[in-house]
Q: 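Sharing a structure with you now.
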Amino acid sequence: MDNIFEKPESMKDAITHYCPGCGHGIVHRIICETVDSLGIREKLIGIAPVGCAVIAYDYWNFDVTEAAHGRVPAVATGIKRSLPDRIVFGYQGDGDLGAIGTAEIIHAANRGENITIIFVNNTVYGMTGGQMAPTTVLKQKTATTSAGREQKMHGFPLKVCELLSVLPGVVYAERVSIHSPQAVIKAGKAIKKAFENQVKGMGFSIVEVLSPCPTYMGLSPQDAVKWVGGELAKEYPIKIFKDIT
Amino acid sequence: MDNIFEKPESMKDAITHYCPGCGHGIVHRIICETVDSLGIREKLIGIAPVGCAVIAYDYWNFDVTEAAHGRVPAVATGIKRSLPDRIVFGYQGDGDLGAIGTAEIIHAANRGENITIIFVNNTVYGMTGGQMAPTTVLKQKTATTSAGREQKMHGFPLKVCELLSVLPGVVYAERVSIHSPQAVIKAGKAIKKAFENQVKGMGFSIVEVLSPCPTYMGLSPQDAVKWVGGELAKEYPIKIFKDIT
Amino acid sequence: MKEEIIFSGFGGQGIMFMGKAIAYAAMNEGKYVTWIPSYGAEVRGGTAHSMVVISDEPIASPMVKEPTICVAMNGPSLRKYEAKVKTNGLLIVNKSIADTEAERKDIEVLNIPVTALATEAGDYRIGNMAALGALVGRRKIIDVESLINGLKDIVSSAYHSLLPINEKAIRKGFEYGSR
Amino acid sequence: MKEEIIFSGFGGQGIMFMGKAIAYAAMNEGKYVTWIPSYGAEVRGGTAHSMVVISDEPIASPMVKEPTICVAMNGPSLRKYEAKVKTNGLLIVNKSIADTEAERKDIEVLNIPVTALATEAGDYRIGNMAALGALVGRRKIIDVESLINGLKDIVSSAYHSLLPINEKAIRKGFEYGSR
Amino acid sequence: MCGNEALAEAAIRAGCRFYAGYPITPQNEIPAYMSKHMPEAGGVFIQSESEISAVNMVFGASLTGTRAMTSSSSPGISLKQEGISYLAACEIPAVIVNIMRGGPGLGGIGPSQSDYFQATKGGGHGDYHSIVVAPASCQEMVDLTTLSFDLADKYRTPVMILGDGILGQMMEPVEFSQGAGRTHSAKKDWILDGCKGREPRIIKSLFLSDGALEQFNLKLQEKYKEIKDKEQRCEVLYGDDSEIMLVAYGTPSRIARSVVESLRKKGKKIGMARPLTLWPFPEKAFKELSKKVKSFLVVEMSAGQMVEDVKLAIDCARPVHFYGRAGGEIPGEEEIIKEIGRING
Amino acid sequence: MCGNEALAEAAIRAGCRFYAGYPITPQNEIPAYMSKHMPEAGGVFIQSESEISAVNMVFGASLTGTRAMTSSSSPGISLKQEGISYLAACEIPAVIVNIMRGGPGLGGIGPSQSDYFQATKGGGHGDYHSIVVAPASCQEMVDLTTLSFDLADKYRTPVMILGDGILGQMMEPVEFSQGAGRTHSAKKDWILDGCKGREPRIIKSLFLSDGALEQFNLKLQEKYKEIKDKEQRCEVLYGDDSEIMLVAYGTPSRIARSVVESLRKKGKKIGMARPLTLWPFPEKAFKELSKKVKSFLVVEMSAGQMVEDVKLAIDCARPVHFYGRAGGEIPGEEEIIKEIGRING
Amino acid sequence: MAKIKIDREKCKGCGLCVLYCPKGHIKQSRTLNKKGAYPVEILEKEGCSGCSFCAIICPDMCIGIYK
Amino acid sequence: MAKIKIDREKCKGCGLCVLYCPKGHIKQSRTLNKKGAYPVEILEKEGCSGCSFCAIICPDMCIGIYK
Ligand SMILES: Cc1ncc(C[n+]2csc(CCOP(=O)(O)OP(=O)(O)O)c2C)c(N)n1
Ligand SMILES: Cc1ncc(C[n+]2csc(CCOP(=O)(O)OP(=O)(O)O)c2C)c(N)n1
Ligand code: SF4
Ligand code: SF4
Ligand code: SF4
Ligand code: SF4
Ligand code: SF4
Ligand code: SF4
Ligand SMILES: [Mg+2]
Ligand SMILES: [Mg+2]
């Protein structure tokens with residue numbers, strides 16, 4: 001009996017702590033598939049964020065460090081500059097990257113650090129109980145926007161790819177989604193390219209992944225993927241924002 | 001004998017601590033001219049940055065508070081939200097706004113706070129002795145780039161107006177210069193508009209001012225203004241980046 | 001009177017809500033009450049628990065190390081808490097799940113067909129309410145009517161249409177527990 | 001021997017450099033030396049000063065509160081420091097500036113036409129070197145040759161072409177001070 | 001209502017009209033509550049981009065005369081240290097809530113008291129102090145919040161409410177006493193609100209001219225002396241006839257109280273001293289106690305921090321023992337009783 | 001070479017190959033020096049976007065096994081507190097330099113010692129400690145820097161070099177002793193550099209499972225106990241026959257030394273104890289001293305911080321007096337002598 | 001025809017595989033697994049094309065596919 | 001014709017007014033002012049047009065212009 005689909009080597013065989021239908025599990029897996037296919041597991045150093053994915057190290061089968069909330073790009077810079085021939089990637093949520101870590105991501109990008117950032121945009125702060133994130137869309141209800149996000153009070157949704165593309169240090173910025181099997185396959189290709197860029201020494205790459213958080217989107221897992229692929233993708237266009245590789 | 005040119009009322013009659021030929025003095029004055037002409041001195045609250053302009057309160061004749069390094073936009077937000085009918089402006093240097101205060105300026109802008117930011121880009125950290133700033137141009141020599149700024153090591157010059165213009169909360173972003181009397185007059189107009197926008201409740205406005213720091217540009221005051229108006233303006237285009245007022 | 005209760009189970013089983021409901025009801029009866037949910041990252045996917053202390057006197061510590069009552073809604077929580085229940089304490093076990101055999105003899109073990117009761121009430125997913133009813137049925141620490149009346153205050157109004165079947169599940173459980 | 005020196009003047013007058021130059025020279029002579037520039041915001045536009053202590057023994061505090069020698073390069077610094085100079089100390093005053101009349105009688109006051117000496121040396125802007133020369137001329141705390149030889153090490157190589165006129169200014173000052 | 005919500009409601013009732021914060025467990029109920037109820041009260045709620053931004057927004061709001069608050073938990077409070085130092089230096093009132101969790105680093109979300117030093121000794125730079133109050137029940141989450149706003153205004157200083165995860169999360173009945181609002185409402189003649197009809201004002205913490213910074217520091221120290229004189233607060237149980245005094249604040253004091261009650265029933269001479277203000281530490285009360293009791297047993301959810309202040313307060317005149325649990329664990333009654341046994345020999 | 005430059009050169013010689021920092025007076029000579037000489041040594045210099053970023057870059061560099069350092073002054077050090085707590089919690093070696101200036105807030109750029117509490121008691125959250133060393137001359141800026149890197153590696157812990165503006169700015173002759181480089185170079189078997197040929201490794205400070213965080217904290221405390229046992233350092237002058245012991249570190253210790261020498265010449269029985277490690281505080285030395293001397297006079301450039309540790313170290317067994325100057329001022333010899341006179345009656 | 005294998009105890013019952021299986025080969029179970037979730041199971045009467053959609057979308061790697 | 005007035009003691013001698021005066025009406029002095037800077041002074045032989053350039057560019061508000 002042939003194996004058509006199996007667990008990547010870079011993935012540990014563990015039951016994750018994620019909620020049913022959470023997108024983090026999918027993103028973890030496609031990162032690991034990329035790592036396996038590029039054969040870089042043994043020279044890889046991953047950085048887990050503070051967010052629901054904080055214990056990604058329990059699921060990934062390679063070297064992983066934690067970083068303080070928002071500081072993933074700074075830690076990545078420290079690692080990559082010290083070991084330029086290793087592959088270094090940061091995994092960040094929207095709170096981590098888009099709020100508290102704004103300065104770090106902008107400056108790592110602007111310096112053109114040769115690293116890869118996988119940015120999981122699930123429009124909320126999952127770990128802390130579903131508060132508004134910078135990426136929460138207008139009218140979306142969260143623990144801190146019970147009447148829906150309202151611009152005057154809470155500002156606009158932050159478009160990370162749009163913003164970072166302006167910086168000359170960024171060589172590749174793409175937004176993908178994982179709301180369907182087809183989308184997952186596309187996302188996998190983008191993530192692979194983002195790692196390949198680093199292997200080739202090209203500079204800073206980021207892939208933003210629109211991802212369901214059924215728990216705090218207040219939707220069933222099935223409705224959550226539908227919303228991500230529908231309304232959310234309308235607000236956050238799924239496309240390549242920059243590719244000068 | 002008629003007075004053609006005189007000190008604005010909003011300016012105190014003091015000798016500044018600035019070096020000969022420093023642009024801060026000019027920017028201070030044109031802000032005060034605007035304040036006088038709009039008649040807003042008595043409802044104005046200014047925020048001085050940590051930088052050479054830290055004691056701007058000794059030169060301005062209206063309410064002024066200090067803010068921790070880089071936090072001007074956060075302090076401005078706190079003030080303006082508490083007193084929405086007062087006029088609130090922040091004065092920031094390139095280190096203050098472009099480095100340590102990156103998160104604060106991006107998020108104040110993205111929230112569309114109804115405030116005015118005057119951003120003095122002199123390409124160096126003046127106050128601390130002329131280190132590289134985010135805005136230092138490539139090859140420029142500073143205390144921490146003795147061989148000239150080099151991208152691999154120090155990253156690219158940060159284009160603040162270009163970056164902020166992407167954010168929907170920003171209604172007005174213009175870059176001006178003060179390297180010549182004509183340029184100063186144009187800068188004055190931009191600054192006036194940035195204040196008027198706030199008076200009209202339109203949202204976040206920023207004016208970036210290319211400004212000489214002869215001391216740490218390593219040039220005589222005369223050469224410094226020439227360099228600002230020439231090479232620097234080439235790297236940092238002088239123009240309106242956004243105006244949706 | 002002082003009861004120290006632990007509710008425990010899988011993240012999606014409404015564990016927090018059970019604690020909140022009984023704490024709220026007891027508070028309305030004028031008792032001293034503390035309620036501690038397990039918060040944050042702990043709740044995701046894994047085992048969730050909440051702790052309730054109900055007493056006639058001020059409560060020193062809201063932490064429950066050795067419960068007088070424990071509700072174990074799945075296998076892992078049974079294994080985690082069974083040994084900690086105080087002698088003569090009550091252990092309520094969700095029998096709709098495999099691998100849930102309690103072993104201690106020095107405590108009272110109440111096995112409840114949680115899903116079956118909930119299904120009878122109208123929704124197989126509200127087993128937590130049935131278990132809660134059974135608890136109150138067995139150890140009458142509060143009046144079951146306080147429990148039912150309190151629900152509307154802690155359920156957000158969007159879900160008020162579901163109150164009747166929740167009430168029904170509680171009563172089913174109460175009956176079961178009172179036997 | 002222990003001399004505590006303050007150099008003071010306007011930001012652009014090369015005050016820091018005076019201190020650095022003499023400190024460096026003394027160090028090369030094997031003396032214990034401390035040098036404290038006034039740093040950061042203080043220097044902008046306003047009054048700058050630097051403090052040098054030169055001694056045959058280890059130095060406890062590099063801070064100079066009552067100098068044995070003070071070089072006042074402009075009016076404000078004269079007014080600030082004149083009163084602090086130790087009795088029998090030396091006060092060097094830049095006489096090329098108006099409003100620089102020292103008043104104390106219990107100290108030695110040396111008025112120097114700083115700009116004139118510098119102009120003779122070849123550049124009216126290097127008055128600081130002339131004043132420094134005068135200091136060493138009057139109180140022979142170090143050898144004037146150490147001072148001159150040390151310059152090349154502390155001036156960045158881009159400016160080495162200016163060393164000769166600096167040397168000249170020092171010698172002019174030295175002569176003036178030795179008289 | 002959980003402790004966090006009680007605190008938030010109390011703040012609004014005390015006239016707080018500006019709240020900025022950033023989510024972190026176990027204090028998330030505070031921003032959640034504020035996001036709903038602050039706008040209803042006509043105030044401002046902002047979920048800021050970071051803890052740093054939050055404390056600086058509070059700086060801005062409060063300098064206009066608005067009562068303002070921020071809240072966080074341990075790692076987030078570390079990030080606010082520069083801001084707190086600025087608040088103290090610019091003499092701007094502010095209430096800062098730290099619902100402590102286990103550290104260091106990311107640590108855990110269990111309750112803890114390991115930020116005592118940070119709160120009381122100045123985790124930020126410079127010779128400043130925040131007033132630090134320590135509630136031990138939901139009711140005190142209310143009462144001490146009211147007090148905090150008053151003290152902040154009265155002394156123009158940051159006040160920290162130092163709670164722990166348990167206090168934040170637990171639900172207990174609370175009462176909002178009538179008029180528990182602002183008791184201190186002297187006119188704020190230092191605020192910035194535009195210079196109409198008066199001279200312009202400046203708020204700053206930079207002092208460059210000779211000796212000015214020292215002068216300012218001396219003034220600050222004067223203020224701290226006054227606070228030390230007037231604002232020490234402490235609850236003492238059985239202060240007159242105890243041989244061993246338990247010392248605890250926050251959640252451990254609840255357990256200590258229970259220990260005291262149960263041992264008293266057995267005729268043991270034991271009492272408890274519970275500081276309600278951690279800075280100023282209730283030195284006077286402890287000095288008094290040290291004349292009467294034989295020894296102290298300090299119980300903390302930390303490796304031993306307040307214990308230093310107890311020693312200093314009594315000039316090491318009596319043995320001071322320590323029992324602590326760290327990393328989110330809570331000392332149990334039996335453990336404390338065992339420890340008491342050990343001390344007694 | 002000024003103290004700051006001496007320190008930077010010593011770091012490079014000690015094998016430091018990664019430096020990240022952000023400008024702030026009075027430590028700017030460190031990044032300036034590093035920017036030039038670190039690349040020459042084959043190392044990395046980064047001027048980061050902020051102090052927070054710098055300390056986290058150091059976190060990243062050091063977890064690869066690279067000796068790494070950051071430096072700042074008071075307000076910037078406040079911003080690093082979260083990062084330092086993470087370094088301690090993840091047990092990552094790092095050297096952090098604080099060239100203190102007057103505070104609080106922006107304060108001034110004069111020298112100060114008002115961050116003693118922050119450095120020694122943990123300005124960040126959680127029960128952690130940094131080792132804190134206190135140089136008092138340019139030569140010690142060199143020697144203690146070398147030591148700091150060794151201690152950091154040996155104990156896998158952040159080490160803080162606590163200097164003041166004077167030490168950073170002053171020029172004194174220094175010697176770089178041969179081979180003053182790494183004395184501790186045990187293989188780092190915990191670093192991340194790719195899992196080739198070994199099991200993957202994890203660096204983390206989050207402990208969620210029951211009791212795990214407490215276990216980790218107990219392990220940390222064990223380490224701290226070992227450091228306390230082994231690493232206390234103190235210089236004592238005239239420890240055997242002094243009635244009054246001056247206690248000072250850093251710049252004030254230079255002045256105290258001068259006072260001692262000049263009073264000794266007059267036959268006064270006076271000495272000095274100078275801690276070289278502030279944490280661990282040299283308790284053993286002070287316990288010894290407390291048996292011999294009559295009283296202590298602590299001299300600090302602060303409102304009184306180390307004085308608490310002196311009291312605790314000697315169990316308040318002798319009177320401990322305090323003389324301090326705050327806000328960038330330096331205590332003068334005469335002032336100290338006057339204070340001694342006052343103590344003597 | 002292909003075969004899928006579902007890890008009943010790992011499955012959290014999110015139903016994403018059910019949503020995206022073009023063959024309707026998977027359905028939600030009505031009995032709880034040990035951790036208390038309603039996992040999915042194979043609806044035997046529908047065949048499996050081996051398209052892998054279920055495995056690709058499964059966040060918890062509960063599904064293996066074989067030929 | 002206009003007249004300018006230079007505050008000699010305030011002037012820091014940056015020379016920007018000299019650079020931009022279209023009339024060459026201003027020149028650097030060779031004697032120090034009290035604070036030790038070489039201020040600018042009026043070159044009497046050239047006239048002033050009153051264009052204000054000098055005042056507009058002066059960072060230190062040393063120049064007043066009158067008609
Ligand atoms: C300094 C600091 N602030 C706040 C927190 C609390 N916190 C943990 S995760 C998180 C945000 C999580 O949101 P996101 O980055 O979007 O990740 P997600 O959980 O949604 O995947 C916050 C605010 C923290 N641990 N540290
Ligand atoms: C937290 C903190 N970090 C660093 C400093 C030191 N510092 C003061 S001003 C400044 C930068 C000044 O540069 P810029 O903002 O460009 O203003 P400029 O002086 O050039 O006008 C720095 C880094 C500080 N005061 N506080
Ligand atoms: S809270 Fe959201 S992001 Fe976090 S594990 Fe659950 S579904 Fe995933
Ligand atoms: S250092 Fe530069 S910015 Fe600062 S006052 Fe001097 S010229 Fe102006
Ligand atoms: S492989 Fe395709 S057809 Fe087969 S069960 Fe999975 S989704 Fe359905
Ligand atoms: S997608 Fe995976 S976890 Fe979700 S129901 Fe299907 S098998 Fe179970
Ligand atoms: S007003 Fe015009 S012409 Fe007259 S001095 Fe000034 S710049 Fe020259
Ligand atoms: S521009 Fe102003 S400061 Fe500069 S030289 Fe002219 S008058 Fe003097
Ligand atoms: Mg998120
Ligand atoms: Mg600048």
Side-chain angles (χ1 to χ4, degrees), chain B residues 1-33 52-53 59-61 120 122 177-189 209 211-215 219-229, chain H:
Chain B
M1 214 158 70
D2 263 9
N3 234 321
I4 306 184
F5 189 95
E6 61 176 354
K7 184 186 76 60
E9 190 197 347
S10 300
M11 196 93 191
K12 290 181 190 164
D13 193 14
I15 297 184
T16 71
H17 70 299
Y18 299 117
C19 306
C22 174
H24 280 302
I26 302 176
V27 182
H28 285 12
R29 193 192 69 228
I30 55 185
I31 288 172
C32 289
E33 285 166 358
C52 277
Y59 315 132
W60 287 334
N61 191 25
V120 178
N122 59 11
S177 168
I178 51 167
H179 65 276
S180 71
Q182 294 82 353
V184 172
I185 292 167
K186 254 189 85 184
K189 286 188 184 139
V209 185
S211 177
C213 167
T215 306
L219 299 167
S220 73
Q222 298 192 349
D223 289 342
V225 289
K226 286 180 203 156
W227 185 76
V228 168
Chain H
M1 239 187 28
K3 265 210 155 75
I4 68 167
K5 224 169 105 178
I6 297 169
D7 187 332
R8 183 183 155 86
E9 290 308 324
K10 230 177 157 186
C11 173
K12 294 177 185 158
C14 71
L16 294 184
C17 53
V18 177
L19 179 67
Y20 285 112
C21 173
K23 293 286 188 180
H25 186 58
I26 315 174
K27 73 157 206 292
Q28 200 112 22
S29 162
R30 287 295 289 268
T31 60
L32 293 163
N33 63 11
K34 286 183 201 164
K35 69 174 155 223
Y38 293 97
V40 291
E41 51 196 31
I42 294 167
L43 196 62
E44 291 296 356
K45 55 181 190 264
E46 311 292 337
C48 165
S49 69
C51 69
S52 296
F53 281 5
C54 54
I56 289 170
I57 200 71
C58 174
D60 292 286
M61 291 197 305
C62 308
I63 303 180
I65 304 175
Y66 311 88
K67 250 207 188 94

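Side chains included, hydrogens not; waters and symmetry mates left out as well; all remaining heavy atoms used.
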Q: Side chain, backbone, both or neither: which part of B/I178 has a non-hydrogen atom closer than 4.5 Å to chain H?
A: backbone
Q: I need the residue from B/E6, B/K226, B/K7, B/R29 with the largest number of non-hydrogen atom pairs under 4.5 Å to chain H.
A: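 So the answer, after comparing B/E6, B/K226, B/K7, B/R29, is B/R29.
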Q: Can you pull out every ring-ring contact (aromatic ring centres under 6.0 Å, His included) where at least one residue sits in residues 28-52 of chain H? Sequence neighbours excluded, please.
A: D/Y124-H/Y38
Q: If we define contacts as heavy-atom pairs under 4.5 Å, which of B/P221, B/G25, B/P181 has the most with chain H?
A: B/P181
Q: Evaluate the side-chain proximity of B/P212 to B/H179: yes if any heavy-atom separation is below 4.5 Å, no if none is.
A: no
Q: At what distance, to the nearest 0.5 angstrom, does NZ of B/K12 lie from CD1 of B/I15?
A: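 Answer rounded to 0.5 Å: 15.0 Å.
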Q: Side chain from CB out, backbone as N, CA, C, O: work out which of these in B/Q222 comes under 4.5 Å of a heavy atom of chain H, or both, or neither.
A: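 For B/Q222, the contact with chain H is made by backbone and side chain together.
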Q: Tell me whether H/D60 contacts the main-chain N or O of B/T16 through its side chain, where contact means a donor paired with an acceptor under 3.5 Å.
A: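 No, the answer is negative, given that no donor and acceptor are paired below the 3.5 Å cut-off.
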Q: Which region of B/A224, side chain (C-beta onward) or backbone (N, CA, C, O), has a non-hydrogen atom less than 4.5 Å from a non-hydrogen atom of chain H, or is it both or neither?
A: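 Looking at B/A224, nothing touches chain H.
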Q: Do B/V225 and H/Y20 have side chains that approach each other closer than 4.5 Å (heavy atoms only, starting at C-beta)?
A: yes
Q: In terms of heavy-atom proximity below 4.5 Å to chain B, should H/I4 be classed as side chain, backbone, both, or neither?
A: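 Neither; nothing under 4.5 Å.
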Q: Side-chain donor-acceptor pairs under 3.5 Å in residues 39-55 of chain H, sequence neighbours left out?
A:
| unit_1 | atom_1 | unit_2 | atom_2 | d |
| --- | --- | --- | --- | --- |
| H/E41 | OE1 | H/S29 | OG | 3.4 |
| H/E41 | OE2 | H/K27 | NZ | 3.0 |
| H/S49 | OG | H/C51 | N | 3.3 |

Q: Is it the backbone or the side chain of B/E33 that comes under 4.5 Å from a heavy atom of chain H, or both, or neither?
A: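 Answer is neither: B/E33 stays 4.5 Å or more from chain H.
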Q: Could you tell me which of H/A37, H/G64, H/G15 has the largest number of non-hydrogen atom pairs under 4.5 Å with chain B?
A: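 Option with the top pair count is H/G15.
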